[in-house]
Peer 1: 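Before I ask anything, let me first share the structure, which is written out below as structure tokens.
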Amino acid sequence: SQELEQSPQSLIVQEGKNLTINCTSSKTLYGLYWYKQKYGEGLIFLMMLQKGGEEKSHEKITAKLDEKKQQSSLHITASQPSHAGIYLCGADGFMEYGNKLVFGAGTILRVKS
Amino acid sequence: KAGVTQTPRYLIKTRGQQVTLSCSPISGHRSVSWYQQTPGQGLQFLFEYFSETQRNKGNFPGRFSGRQFSNSRSEMNVSTLELGDSALYLCASSLGAGREQYFGPGTRLTVT
């Protein structure tokens, strides 16, 4: 089965600092999703990456998928308290057609103001 | 467009009872997937429905079942509830395979 490792497990940063969260797969990624979750709530879609070397940005958040398609990173520039939450990466269950995501354990981000 | 909606938002049930959760996808989305989130196991895939057919199934016991209606709304049912079924149940909708999946706010189920 496909496993996703996220690092770090948790992160505390000072407001205004940059940070990076990593997501590593044991197998080739064919669709990699990044979501943000506030505790006990639903997941907010951030970005989806499919091609090796692909990079997408939304506001101050940038996500990249490496050329080998086994690692993705999420970078936040000039963090703000509104960025606090749990960041989850998810990958398509590539052995089966359809929508079946496997998720990492998540990275808890706290932003100190 | 309205987002994915789930009802009810909170539910308290007793062991042995059964429960039905509902999910209304984004208009035009025909794929609905269900996930269970617990502190110990994280987010786990339950099943996916597309055009009223179950297309994928996760590793959950047969007590967990679902269905999808012709308007793409989906329900999941859990019979003979166990304490371990306490979790946040999330559904996600999508236009199709390999497309962005958008999640609802979830239903928090507590089994006592």
Side-chain angles (χ1 to χ4, degrees), chain A residues 1-7 9-10 21 23-25 28-52 54 56 58 61 63 65 69 72 85-108, chain B residues 1 3-7 9-10 23 25-26 29-51 53-60 68 72 74 86-110:
Chain A
S1 64
Q2 186 170 22
E3 293 183 356
L4 292 178
E5 291 257 355
Q6 278 188 244
S7 63
Q9 286 185 321
S10 64
I21 298 168
C23 178
T24 303
S25 171
T28 302
L29 294 163
Y30 290 91
L32 190 285
Y33 297 73
W34 283 101
Y35 290 92
K36 178 186 173 185
Q37 183 180 33
K38 292 285 189 183
Y39 181 76
E41 298 179 8
L43 278 62
I44 300 167
F45 174 81
L46 295 175
M47 274 166 277
M48 176 183 169
L49 305 165
Q50 292 179 300
K51 300 175 185 175
E54 187 174 11
K56 287 186 178 179
H58 177 66
I61 300 177
L65 182 60
K69 295 173 66 174
S72 178
I86 304 167
Y87 289 81
L88 292 145
C89 64
D92 276 327
F94 67 100
M95 291 298 288
E96 299 172 56
Y97 184 77
N99 291 318
K100 177 181 178 178
L101 294 181
V102 172
F103 282 92
T107 295
I108 301 171
Chain B
K1 270 188 184 177
V4 178
T5 58
Q6 291 187 244
T7 57
R9 291 294 311 279
Y10 303 92
C23 173
I26 292 171
H29 286 194
R30 295 165 63 189
S31 167
V32 174
S33 300
W34 288 89
Y35 294 83
Q36 181 196 65
Q37 187 177 35
T38 59
Q41 299 297 318
L43 258 172
Q44 292 187 290
F45 173 81
L46 281 157
F47 29 66
E48 182 211 2
Y49 285 87
F50 183 84
S51 293
T53 301
Q54 187 180 86
R55 185 158 66 176
N56 280 297
K57 191 177 189 306
N59 295 324
F60 279 82
Q68 187 179 33
S72 294
S74 177
S86 294
L88 181 67
Y89 289 89
L90 295 158
C91 78
S93 79
S94 171
L95 281 168
R99 304 293 297 271
E100 296 92 339
Q101 291 191 51
Y102 296 94
F103 281 77
T107 294
R108 168 73 63 185
L109 172 64
T110 302

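Sequence lines set the chain letters: A, B, ... in the order given, protein chains first and strands last, and positions in each chain run from 1. Computed from a predicted model, the values in this text were never measured in an experiment.
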Peer 1: Go through the atoms of B:Gln37 and report whether side chain, backbone, both or neither lie under 4.5 Å from a heavy atom of chain A.
Peer 2: side chain

Peer 1: Checking heavy atoms, do the side chain of A:Ile44, its backbone, both or neither come under 4.5 Å from chain B?
Peer 2: neither

Peer 1: So which part of B:Leu90 gets closer than 4.5 Å to some heavy atom of chain A, the side chain, the backbone, both or neither?
Peer 2: side chain

Peer 1: Hey, what do you get for CD (A:Glu41) to CZ (B:Arg108), rounding to the nearest 0.5 Å?
Peer 2: 10.5 Å

Peer 1: Within the side chain of A:Tyr35, is there an N or O that forms a donor-acceptor pair under 3.5 Å with the backbone of B:Phe103?
Peer 2: no

Peer 1: Measuring only between side-chain heavy atoms, which start at C-beta, is B:Glu48 closer than 4.5 Å to A:Lys100?
Peer 2: no

Peer 1: B:Glu100 and A:Phe45: which non-hydrogen atoms are nearest, and at how many Å?
Peer 2: CG-CZ, 3.2 Å

Peer 1: Would a 4.5 Å heavy-atom cut-off, applied to side chains only, mark B:Tyr35 and A:Leu43 as touching?
Peer 2: no

Peer 1: Take atom CD in B:Gln54; do more than 12 heavy atoms of anything else shown fall under 6.0 Å from it?
Peer 2: yes

